[in-house]
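Here is the structure we will look at, set down as structure tokens.
In what follows, chains carry the letters A, B, and so on, assigned in the order in which the sequence lines appear, proteins first and then strands, with residues in each chain numbered from 1.
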Amino acid sequence: MCFSLLQIPRCKIHTLTNSWWGNLYKFGRGSVCNSSFKVLGSDKYEFEGGYSKRWIRRSVITETGGNKNTLSSKTSIRHEISEETSSIKLNTYELETTEIERSRYYVQQKIADNKDLESLVTFIVFDIETTGFGRENNRIIEIALQDIRGGENSTFQTLVNPGRYVPNTHIHGISSNMVNRSGVPRMEQLIPILLQYIQSRQIPGGDVVLIAHNARTFDVPFLKREFSRSSYEIPPDWLFVDTLPLARAVMKSKGSKVPSKVSLQALREYYGIPLVGSAHRALSDVHSLALVLQRLTYDLKLPISGLLESSFK
DNA sequence: GGCCCTCTTTAGGGCCTT
């Protein structure tokens with residue numbers, strides 16, 4: 001359904017000042033069909049549609065056990081401790097700062113080295129459903145990814161067995177019975193498959209950019225914690241982009257009140273993107289975010305190089 | 001937890017993610 005939007009006839013290419021812009025942005029807007037532009041690529045970056053079975057990597061399809069409408073599936077001593085703690089925090093901060101600087105340098109160097117970024121970068125939108133917000137006491141129960149270039153196996157979705165009760169079924173519709181079963185992979189079983197899938201989408205010599213809404217403070221730390229529990233590390237060549245600050249920037253530029261207009265649902269409604277499937281299911285939210293991302297990058301006049309510069313490791 | 005805004009910065013509250 002959402003992909004039918006992409007079939008809307010394109011009428012005219014905007015004249016854009018940024019040289020990247022003309023090459024990268026193309027998208028037909030249903031309600032404003034006087035424009036067309038490429039999004040994150042040339043024709044090969046267009047989405048393709050339908051929730052056909054061929055969308056799903058069969059090796060990780062899991063049984064949902066139910067809803068088939070859901071998408072496939074511190075005194076002196078105290079003072080000393082305080083000083084020591086501060087020192088540790090400071091060191092951690094310095095390490096993090098160094099890592100950010102390295103990441104920024106890495107991206108800028110990549111941009112400088114590669115004139116044809118479009119053909120080298122793989123953009124993958126992803127989303128996770130979890131048993132709660134805190135990453136220390138909760139687990140991932142569903143994960144979905146979508147390579148925005150489209151093509152065969154462009155999406156990946158699976159439930160994840162958390163090995164524990166799911167207390168927030170009322171949010172996403174995923175119950176304990178759906179995930180705590182033998183046919184659903186545990187995170188340690190899933191990670192190798194996930195790594196293999198993303199590698200299969202990666203262009204040799206190119207980078208992978210994983211995009212999520214509120215990625216910086218939720219999805220990425222959560223994913224990193226799950227990898228750590230399974231004795232894995234996030235691959236060093238993965239970059240992440242958070243669409244939340246992009247959305248805030250767009251809403252600010254439109255004069256909207258930033259705090260109340262930047263949830264994924266609010267953005268979907270703002271851009272008139274129809275909901276396909278159930279909200280708060282990973283694949284449904286991924287499809288929504290992929291379309292939201294197109295609008296955000298368009299509104300911000302953000303080329304691939306700009307999107308890359310907003311990435312973090 | 002990080003980011004943003006305001007009735008602000010020596011702070012507090014709201015939003016976002018499930």
Side-chain angles (χ1 to χ4, degrees), chain A residues 64 67 70-71 85 88-89 92-93 95-97 99-100 103-104 125-146 157-176 178-180 184 187 210-229 240-271 273 275 277-290 292-293 295-296 300 310-313:
Chain A
T64 61
N67 191 356
T70 57
L71 300 169
T85 303
I88 291 170
K89 284 182 177 178
T92 303
Y93 173 78
L95 284 170
E96 288 173 351
T97 302
E99 186 61 34
I100 290 169
S103 175
R104 188 175 299 277
V125 177
F126 79 102
D127 185 51
I128 58 174
E129 301 304 321
T130 71
T131 58
F133 290 121
R135 57 184 176 270
E136 293 302 326
N137 299 318
N138 292 286
R139 298 291 186 273
I140 292 175
I141 53 175
E142 187 179 41
I143 185 167
L145 304 88
Q146 179 183 339
Q157 179 272 338
T158 185
L159 291 174
V160 183
N161 187 337
R164 62 176 57 194
Y165 175 69
V166 178
N168 55 347
T169 301
H170 62 289
I171 299 293
H172 38 55
I174 301 171
S175 66
S176 291
M178 290 168 65
V179 292
N180 288 298
V184 180
M187 201 63 199
L210 293 157
I211 305 166
H213 200 55
N214 201 20
R216 186 178 290 275
T217 57
F218 182 74
D219 298 80
V220 173
F222 220 115
L223 197 62
K224 190 175 179 181
R225 186 69 187 94
E226 289 278 33
F227 268 58
S228 175
R229 278 195 196 95
F240 297 96
V241 165
D242 189 347
T243 52
L244 187 54
L246 301 181
R248 284 180 172 138
V250 167
M251 294 306 159
K252 188 176 181 180
S253 71
K254 305 277 184 183
S256 300
K257 286 187 177 180
V258 174
S260 62
K261 298 276 188 179
V262 290
S263 68
L264 182 57
Q265 180 180 343
L267 291 167
R268 186 172 50 73
E269 291 171 355
Y270 176 78
Y271 286 119
I273 297 168
L275 176 64
S278 306
H280 290 297
R281 285 303 298 267
L283 190 54
S284 178
D285 284 355
V286 158
H287 288 317
S288 293
L289 183 58
V292 165
L293 175 66
R295 268 73 165 190
L296 293 176
L300 291 171
S310 74
S311 69
F312 62 95
K313 281 193 162 189

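If you measure from atom CD1 of A:I141 to atom C1' of B:dT17, you get 13 Å, rounded to the nearest angstrom. Per the geometry, CZ belonging to A:R281 stands 17 Å off C1' belonging to B:dT17, to the nearest Å. We find that CG of A:D285 is positioned 8 Å from P of B:dT17, with the value rounded to whole Å. Rounded to whole Å, the distance from CD on A:E226 to C1' on B:dT18 is 13 Å. The distance from atom CZ of A:R135 to atom C1' of B:dG1 is 7 Å, rounded to the nearest whole Å. Atom NE2 in A:H213 sits roughly 9 Å away from atom P in B:dT18 (whole-Å rounding). In this structure, A:L246 places its CG atom 15 Å from C1' of B:dC4, rounding to the nearest Å. Rounded to whole angstrom, the span from the CG atom of A:L267 across to the P atom of B:dC16 amounts to 9 Å.
Separation of the P atoms belonging to B:dT8 and B:dG14 is 15 Å when rounded to the nearest angstrom. For B:dT17 and B:dC3, the C1' atoms lie 13 Å apart once the distance is rounded to whole Å. When the C1' atom is used for both B:dG12 and B:dC7, the distance is 10 Å, rounded to whole Å. The separation of B:dT9 from B:dC4, taken at their C1' atoms, amounts to 14 Å, rounded to a whole angstrom.
Here A:I128 lies in heavy-atom contact (under 4.0 Å) with sugar-phosphate atoms only. Heavy atoms of A:T130 sit under 4.0 angstrom from primed sugar atoms or phosphate atoms, though from no base atom. Contact annotation for A:D127: backbone-only contact, meaning every heavy-atom pair under 4.0 Å involves sugar-phosphate atoms and none involves a base. Residue contacts shown for A:N168 include a base, since a base heavy atom lies under 4.0 Å away.
Residue A:H280 places at least one side-chain N or O closer than 4.0 Å to OP1 or OP2 of B:dT18. Dashed line: the shortest gap from a side-chain N or O of A:K252 to OP1 or OP2 of B:dC5 is under 4.0 Å.
Between A:T131 and A:T217, the residue anchored nearer the 5' end of DNA chain B, judged by the nucleotide with its closest heavy atom, is A:T217.
Inter-residue side-chain proximity for A:F312 and A:V220 is flagged as met; some heavy-atom pair is nearer than 4.5 Å.
Residues satisfying the side chain to side chain contact (heavy atoms under 4.5 Å, CB included) criterion with A:E269, sequence neighbours excluded, are A:Q265. By the side chain to side chain contact (heavy atoms under 4.5 Å, CB included) test, A:R229 is found to be paired with A:R139, A:R225, A:E226, residues two or more places apart in sequence or in another chain being considered.
Taking only side-chain atoms of A:R248, from C-beta outward, the nucleotide of B:dG14, B:dT17, B:dT18 with the closest atom is B:dG14. Checking B:dC15, B:dG1, B:dT18 against every side-chain atom of A:N214, the shortest atom distance belongs to B:dG1.
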Side chain to side chain contact (heavy atoms under 4.5 Å, CB included), that's the test. Do A:R295 and A:V250 meet it? Break it down for me. CA-CA 10 Å; A:R295 268 73 165 190; A:V250 167; over 6 Å; no
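Side-chain atoms of A:T217 and A:N214 form a donor-acceptor pair, as typed in the model, at a separation below 3.5 Å.
Across all non-hydrogen atoms, the minimal contact from A:I140 to A:P162 is O-CB, 4.2 Å.
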